[in-house]
Every structure is written in structure tokens, then in C-alpha cells.
Chemist: 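Below you will find the structure I want to go over with you.
Residue indices begin at 1 and follow the sequence shown.
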Amino acid sequence: PADLGGGGEGDLLGLGGGSSSAAAAPRSAPEETAGAELGDVEDIEKKMIYVYHKGEKNVVGWYADMESADIKEAVLCACDAIIDGGFVLREVQFTGEDETTAEPKEDGRVYEFEEFDQLENGQTYIIEASKEREDLKKFTGDRWRRLKVHIEPLLHVEANKAIDRMRRGSNLLKHTHYGFPHLRQFQLSDDRKRLVWYSGAKRKEDSVVQLDEVAEIRLGQTTPVFLHYRLPMLEHLSFSLVYGPKGSKTLDLTCKDEFEFDHWVTGLKAIFYHFKNRQISKEQLLGHSKRFRKALEKNNVGIKLTKLPEVKEKGHVGLDDCIEIVTHTPQQLDTKMERLRERLKTMSQQVARLDHHSAAEMEVDLSLLTGQGPAYASVFVQDEDAQDEEMEIRRMHELVDQTTQVLQQARNELIALNQRQKSEASGSADNSGAKGKKKENAACKHIDQLLWKAEVDLENVEDMYLRHIDNQRDTATPLSVSIADMNQRITRAASDIEETISKKFDEVRGWFR
């Protein structure tokens, strides 16, 4: 087919104005300082600097009332956890519009240990390797010993990177009492107190775990829910949160790969220890990670989970290995893409309206507070509900934008495939044989994978939107719509996705019997 939907390449949804990321999308939450508290706001002012190393941004902070000598030692130890060996800090310049363009400033000031107390609050620096100084080892100490030093959980660099990833959200496999597992979007709240997931069939209070109520983080598949439908080939990627009165409830999850498993367990473990007012060593914090243990076996003490490759062992598979996607023909892909495009267009328009709805509701609330009618103080009872709503809307915008990009990529690849087929049809017969068919199948398979990803993310947006609208109905706003009404207005294909997963799970489970 010559055309795969309305608009040009930059207007996949045919809505006009280019990208689907609406200008009204809420801003991302401000980045948290490394080691920031989850509880009350600290009275003492905190200062921070941003330190880049190998393209990664790290936050180093200290209290404003600290002595000069303590500031220097704190910055030294924090940066020593980022880089092995000696180092200095240099002022940076940005050669582009985003932070990834940070480069050493040619005439920028270089800070040695003695000048660390002169680093400017809020400024950005690059860490550069230099000769390690013997006189500073009394501060940095032996790196093997430091693996066992217990500190506040949220001061670990690995914990903060894991928590930041959790706040961005992930698709995790949620296990249930009632049947085969299903994918759900999980996200850590901005204040890092709640783990929420999104389901159009559940109210918010039925799809959230208050993390200060967690009694245990249990690795593997040992709870009754897991035993009801075991997936032994994914046991190394599974964990449970035990919570509620006397540990009566469990949230049972499986990650897609070791990289995701390491981040989620690391972040949850740090938050768990923080709520228990317990310190933890780096060795304990990362002890669940097979990649961490493998690195230590090679004497790689200064490891970073974000940089380590996944280590696959015989008999272990990832979640992607359990999902077999049927390859479609170019014509079938075109039909499927058009269906997804229409669903995305609907959700893009619905999500874009949410910001206007919120503003309208605020106006109504303010008028009511003047004495004209019932005095609704707020749409939500607690501040955390409002924070979660803002996070939810922000995530919906991100997923709409992400899904649009994936569909655009699939669309471009399908156009290229169709053009290649036309050119080969008019060319030599050699190209249209088995070799040409193999290339076509590979291209179709990749496009199918992109459409699968787009459909999963689109399901997430629809689930989040349904729950958001249902919450609006519970707060008696005039803009509310029931879940039943929304289900009639949105064409969904969750059954197709879950049927594909369940069939493959049943097949793979047979390997382990």
C-alpha cells in the first residue's frame, strides 16, 4: 500500500502539528537529590552539584552547615564511588541543547581535593581521571572493605539510579490467583512511598502498595500465588512484596530480564531499609544480582549495574523468549497498523484533554469554596492522591509519545519494505527467490515486534485513562465517565496479547516438567 495513514511522516495520527507529544503535557517531576529523604522536608539547607562520568549524570549533595573539611571529604567519597582511582573535577560546557553534550570547558577551572569546598551549588562538572594520591586513601579506604560499610540506603549511587528508573515505569508480569500472568505498567510514585500499577478494571486503592507496609522482599517464586501458576524458567527474574496485616498479601512480579530485575529489587530494597531506619552495605544492596556477583569474581569492585551486561545461564530465559509473535504479511501488517493508529489517535485526543479538564475542575472548586454550594475543598482527599494523578497524567503523555514513535518507526519500515518489493518485482528473478523471501520474513518479523510493543504500551495508556476517568466519576465531577461507557468507546485487544502470552507460557512450562 502506498499510504499508511493520514498525514506525512511527522504526523502519524493525522492530528496536525507534528508530534503527538502535546504541548500541554505536564512537566516531568524535578530530579531528586541523591540520598534525599522520603519523610519530612529537612530544615537544614542542602547543596548539590551535578557530576558527569562517561555520559552519566550523578548528583552529589551535602548540607550547607557542614565544615569545610567535611564537605571535601564527602565530595571525595561520593565521587570515588563513581570512578575507580584518582580524579579531579573540571567545569563543563554544553555544546548542544541537551545534557548529553557536556564536555570539559577548555579554560574551565580544575578542582583538586583541596578546592572541593569551593564547588558552586547547582553547577555541573566532569570527573576526570588523574593519578591516585596516597594521602587521600585515609578517606577513601580500601575499596573491598567499603563494599561492607553500612550507610543510609538512599546514599548509594546504585539505589538512586534504580529508583529513578522505577519512577519512569516498566512493564512487569503480574501473577494472580485467577489464571495466567499478565503485563501491567508499574511505577514508583514521585515521593517514593507507593508502588502503583494500572488496570482499567481496578480502582486505585486496589492497585497500589504502600511501601512502608512491606514486611519482606522475597526472591523467586515461593508464594501461594506463584505456586498456583509456576514459571520455573523465569524464577530468577521473579520476586514478591509481602505486605498487609501479618504479611497477609503479596504482590508477585516477574521482570523481563536481569537488567530490569536488578534495578527493581535494588530500588525496593533501598526503600525498604530506609523505612525500617536500617543501614545497608553495597554488598547487601546488590547481593541479589547475578551480574554483581560475577563482577566481584573478576575483582571488579567499582561495578555499576547500569553498565554490566546481562549474564544468561543454561536453562534460564527472559520474558521476551516466552512471547512468540506470529509473523504477518505486509498487507496484514498494514491493516494492524491502521487499527493501532486509530486507537492511538483516540487516546492521544483523550489524554490531551485531561489537562484542560483539571483546569476546569479547579475553577469549579474555587467557586464552590466561595460559599455557592457544597464546599469541596479538593478533588482529592490527600495530597498524595493529587501527586499520583499528576504522575499518572504525565506518564500517559509519555506513553502516547513513545507509542507514536514506535508506530512511526514501524510505518517507515513497512513503507521501505513495500518499495523494496516493488523494485525487486521489476528486477531480476534471482532477487524474488528464497533469499528475497527470507529477507521479507525478517523485515515483517521486526515490524511485528514493533507493533507488539506499541500495542502493549497502548493498552497501558487505555488502562490508565479508564482508571483516571473512573476516579473522576468517584469525585462527582461533571466530566466523569464510567468504565463501562469507556469500554464501549475504546476498541481494545488485550485478549489477543494475553492469549499469545498464555499459549507460549503453557508451551515453555512443559519443558520443565
Chemist: Of all the heavy-atom pairs spanning Leu253 and Phe226, show the shortest one and how long it is.
Modeler: O-CZ, 3.6 Å
Chemist: Cut-off 3.5 Å, side chains only: do Thr176 and His182 have a donor facing an acceptor?
Modeler: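 The answer is no; no qualifying pair exists.
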Chemist: To the closest 0.5 Å, what do you measure between CZ (Phe259) and CG (Leu237)?
Modeler: 13.5 Å
Chemist: For the side chain of Arg218 and the backbone of Leu241, is there at least one donor-acceptor N/O pair under 3.5 Å apart?
Modeler: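 Not at all, since once roles are kept as given, no pair shorter than 3.5 Å links the two residues.
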Chemist: Is there a donor-acceptor contact under 3.5 Å linking the side chains of His263 and Ser170?
Modeler: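 The criterion, which ignores hydrogens and geometry beyond distance, is not satisfied for Ser170 and His263.
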Chemist: So does Thr329 get a backbone contact from the side chain of Gln332, meaning a donor-acceptor N/O pair under 3.5 Å?
Modeler: yes
Chemist: Does the side chain of His53 come within less than 4.5 Å of Glu56's, by heavy atoms?
Modeler: no
Chemist: Check Met347 against Leu458 and note the closest heavy-atom contact, atom names and distance.
Modeler: CG-CD1, 4.1 Å
Chemist: CG of Leu450 to CG of Leu340: how many Å apart, nearest 0.5 Å?
Modeler: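 Interatomic distance, Leu450 CG to Leu340 CG, rounded to 0.5 Å: 11.5 Å.
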Chemist: Is it the case that the side chain of Gln187 and the backbone of Arg167 share a donor-acceptor pair, with hydrogens and angles ignored and the cut-off at 3.5 Å?
Modeler: yes
Chemist: Going through the checks in order, is the salt bridge (Lys or Arg N to Asp or Glu O under 4.0 Å) test met by Lys345 and Glu342?
Modeler: CA-CA 5 Å; Lys345 182 176 180 179; Glu342 287 302 317; 5.3 Å; no
Chemist: Flag the pair Arg184 / Tyr198 as yes when at least one side-chain heavy-atom distance between them is below 4.5 Å, and no otherwise.
Modeler: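 No. Closest side-chain heavy atoms not under 4.5 Å.
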Chemist: What I'd like to find out is whether the side chain of Leu219 reaches to under 4.5 Å of the side chain of Val265, using heavy atoms alone.
Modeler: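 Yes, side chains in contact.
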Chemist: Give the C-alpha distance, both sets of side-chain angles, the deciding distance and a yes or no for side-chain contact (heavy atoms from CB on, under 4.5 Å) between Val59 and Tyr50.
Modeler: CA-CA 5 Å; Val59 184; Tyr50 303 101; 3.9 Å; yes
Chemist: What I want to check is whether the side chains of Arg395 and Gln185 have a donor and an acceptor closer together than 3.5 Å.
Modeler: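 On atom types as modelled, these side chains qualify, holding a pair under 3.5 Å.
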Chemist: Quick one: SG on Cys444 to CG on Leu414, what's the gap to the nearest 0.5 Å?
Modeler: 7.5 Å
Chemist: Determine yes or no for a side-chain-to-main-chain donor-acceptor pair under 3.5 angstrom, with Asp334 supplying the side chain and Pro330 the backbone.
Modeler: no
Chemist: Would you sort out whether Asn58 and Tyr52 count as a side-chain contact (heavy atoms from CB on, under 4.5 Å), showing the intermediate values?
Modeler: CA-CA 6 Å; Asn58 302 275; Tyr52 276 87; over 6 Å; no
Chemist: Find the distance between OG1 (Thr124) and CD (Gln93) and round it off to the nearest 0.5 Å.
Modeler: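 Between Thr124 OG1 and Gln93 CD, I get 12.5 Å after rounding to 0.5 Å.
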Chemist: Minimum heavy-atom separation for Ile163 to Gly267, with atom names?
Modeler: CG1-CA, 4.1 Å
Chemist: Is the shortest heavy-atom distance from the side chain of Glu128 to the side chain of Pro104 under 4.5 Å?
Modeler: yes
Chemist: Quick one about Glu413 and Gln409 (side-chain donor to acceptor, distance below 3.5 Å, no hydrogens or angles considered), yes or no?
Modeler: yes
Chemist: Answer whether the closest heavy-atom distance between the side chains of Leu211 and Lys193 falls below 4.5 Å.
Modeler: no
Chemist: Considering all heavy atoms of both residues, which atom of Phe87 and which atom of Ile83 are nearest to each other, and what is their separation?
Modeler: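 Looking at all heavy atoms of both residues, the shortest contact is CD2-CG2, 3.9 Å.
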Chemist: Just by distance, with hydrogens left out, do Thr254 and Ser238 show a side-chain donor and acceptor under 3.5 Å apart?
Modeler: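 On atom types as modelled, these side chains qualify, holding a pair under 3.5 Å.
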Chemist: Kindly say whether Val400 contributes a backbone atom to a donor-acceptor pair with the side chain of Thr404 at under 3.5 angstrom?
Modeler: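 Answer holds: yes.
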Chemist: Are any of the side-chain heavy atoms of Trp197 and Leu251 separated by less than 4.5 Å?
Modeler: yes
Chemist: Are side-chain N/O atoms of Thr266 and Glu158 paired as donor and acceptor at under 3.5 Å?
Modeler: no
Chemist: Is the side chain of Ser189 donor-acceptor paired with the backbone N or O of Arg194 at a distance under 3.5 Å, no angle test?
Modeler: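 Yes: the side chain of Ser189 pairs with the backbone of Arg194.
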Chemist: Assess the side chains of Gln421 and Glu440: does a donor N or O sit below 3.5 Å from an acceptor N or O?
Modeler: yes
Chemist: Is Thr250 reaching over with its side chain to a backbone N or O of Asp252, donor-acceptor style, under 3.5 angstrom?
Modeler: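 No; zero donor-acceptor contacts below 3.5 Å.
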Chemist: Starting at CG of Leu234, measure out to NZ of Lys256 and round the result to the nearest 0.5 Å.
Modeler: 13.5 Å
Chemist: Could you please spell out the steps behind the side-chain contact (heavy atoms from CB on, under 4.5 Å) verdict for Gln123 and Glu91?
Modeler: CA-CA 8 Å; Gln123 294 302 307; Glu91 291 180 324; over 6 Å; no
Chemist: Hey, does Glu103 have a side-chain heavy atom less than 4.5 Å from the side chain of Val92?
Modeler: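 Contact flag for Val92/Glu103 side chains = no.
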Chemist: Would you call Phe239 and Lys269 a side-chain contact if the rule is heavy atoms closer than 4.5 Å?
Modeler: no
Chemist: Quick one: do the Gln350 and Tyr465 side chains pair a donor with an acceptor below 3.5 Å?
Modeler: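 On atom types as modelled, these side chains qualify, holding a pair under 3.5 Å.
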Chemist: Under a 4.0 Å threshold between the charged nitrogen and the carboxylate oxygen, would Glu455 count as salt-bridged to Arg343?
Modeler: yes
Chemist: Measure from the side-chain N and O atoms of Asn160 to the backbone N and O of Leu154, and report whether any donor-acceptor pair falls under 3.5 Å.
Modeler: yes
Chemist: If only atom types and distance count, is the side chain of His228 paired as donor or acceptor with the main-chain N or O of His177 below 3.5 Å?
Modeler: yes
Chemist: So, Gln221 side chain and Leu231 main chain: donor-acceptor pair closer than 3.5 Å or not?
Modeler: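 Judged by distance alone, yes, a pair lies under 3.5 Å.
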Chemist: Please find the pair of heavy atoms, one from Ser240 and one from Gly220, that lie closest to each other, and give the distance.
Modeler: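 So the two residues come closest at OG-O, 4.5 Å.
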Chemist: Report the C-alpha distance between Glu398 and Arg168 in whole Å, list the side-chain angles of each, state the deciding distance to 0.1 Å, and finish with yes or no for salt bridge (Lys or Arg N to Asp or Glu O under 4.0 Å).
Modeler: CA-CA 9 Å; Glu398 291 170 353; Arg168 294 198 298 268; over 6 Å; no
Chemist: Atom NE2 in His397, atom OG in Ser348: separation rounded to 0.5 Å?
Modeler: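 Interatomic distance, His397 NE2 to Ser348 OG, rounded to 0.5 Å: 8.5 Å.
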Chemist: Walk me through whether Leu451 and Leu407 qualify under side-chain contact (heavy atoms from CB on, under 4.5 Å).
Modeler: CA-CA 7 Å; Leu451 295 183; Leu407 277 184; 3.5 Å; yes
Chemist: Identify the two heavy atoms, one from Ala454 and one from Thr403, that lie closest to each other, and give their separation to 0.1 Å.
Modeler: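 Closest pair (atom of Ala454, atom of Thr403, distance): O-CG2, 3.5 Å.
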